[in-house]
Amino acid sequence: MSDPGSTESEDRRERLQKVLARAGIGSRRHCEELIERGRVEVDGRVATLGDRVLPSATGIVVDGVPVSVDPTLVHYLLNKPAGVVTTAADTHGRRTVLDLVPSEPRVHPVGRLDLDTEGLLLLTNDGLLTHRLTHPSFGVPKEYLAEVEGEPGRGAVRRLREGVDLDDGRTAPATVTLVSPGVLRLVIHEGRNRQVRRMCEAVGHPVRRLVRTRIGSLRDPHLPPGAWRPLDLAELRALEQAVGRAPEATPPRGTGSGGRPANS
Ligand code: URA
């Protein structure tokens, strides 16, 4: 947030268009135009040309979408291998996803993949984006490839699509296709614990291998298992767009799932 009243902070403030341009919103000139046209807000107020903000400002919104401009924020895309846990520290001494990315600045995984699930996982120190990506009301789609036992027929695929009764309730409609005998592609918008495994099991086809292949618009079929890379600015903006205009853009406090994170 901007910090009125502090001389030290005043000294560190930079022109808004400069901060926006550095964050990849566009050229300085383009950012000036955005400001002139009233498309930029800072801490809930429409910005005007000449406004200055701290480089770490968190309340900047462009076209209604909160954007991360803080240069200390990092966003990594990891291809998690099987056998690596998605927690900060494992009581059994197993490798964790944090062992696979730089230790500084400290990041956290966005949601969770099961021990044996492979594929794309985001890690970041961006708390606002994490909250939005994991909050059920934003419903960011995630795509999985599931190698299952047996060969699911039309009935099983239809049940997966329409919703399956699990012990924590019926699953929301999903996009499900049989890509080859025994291999399903599922796109779900929820992030319940072990959801894909439980869905497939419920229709009689337990999962043998599960790989997450997409988070929102984010995919990378060329990232080797165990490797990570930073998101590029276009990818970050696309993620922010995906969660920026959700119906509940500011979810009520205290509605987070709490406790152990579900898969998401
Ligand atoms: N669904 C699962 O069953 N497991 C995961 O790791 C992610 C989604």
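Note that the structure is predicted; figures quoted are calculated from it, not measured. Remember, it's 1-based here, ligands and their atoms both numbered in the order they're listed.
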TODO: Determine, for Arg13 against Asp51, whether the closest basic-nitrogen to carboxylate-oxygen distance falls under 4.0 angstrom.
DONE: no
Are any of the N or O atoms of Arg112 closer than 3.5 Å to those of ligand 1? no
If you compare Val207, Thr117, Val211 by their heavy atoms, the one closest to atom 6 (O) of ligand 1 turns out to be Thr117
Exercise. If you measure only the distance, is there a donor-acceptor pair under 3.5 Å linking the side chains of Ser56 and Asp70?
Worked result: no
Note: ligand 1 atoms sitting under 4.0 Å from heavy atoms of Asp114 are 2 (C), 3 (O), 4 (N), 5 (C), 6 (O)
Do Thr130 and His108 get their side chains close enough for a donor-acceptor pair, meaning under 3.5 Å?
yes
In short, side-chain hydrogen bond (donor to acceptor under 3.5 Å, both in side chains) pairs touching residues 168-186 with sequence neighbours left out are Asp165-Arg170, Asp168-Arg192, Asp168-Arg198
Here the atoms of ligand 1 under 4.0 Å from any heavy atom belonging to Gln195 are 1 (N), 2 (C), 3 (O)
ask   = Would one find an N or O of Arg198, backbone or side chain, under 3.5 Å from an N or O of ligand 1?
value = no
Indicate yes or no: does an N/O atom of Val196 lie under 3.5 Å from an N/O atom of ligand 1?
-> yes
For Leu210, the atoms of ligand 1 under 4.0 Å from one of its heavy atoms are 1 (N), 2 (C), 3 (O), 4 (N), 5 (C)
Per-atom filter on ligand 1: closer than 4.0 angstrom to a heavy atom of Tyr144 are 7 (C), 8 (C)
Note: Arg22-Glu14 ion pair, threshold 4.0 Å (strictly below)
yes
Side chain to side chain contact (heavy atoms under 4.5 Å, CB included) filter on Pro230, not counting sequence neighbours, yields Trp228
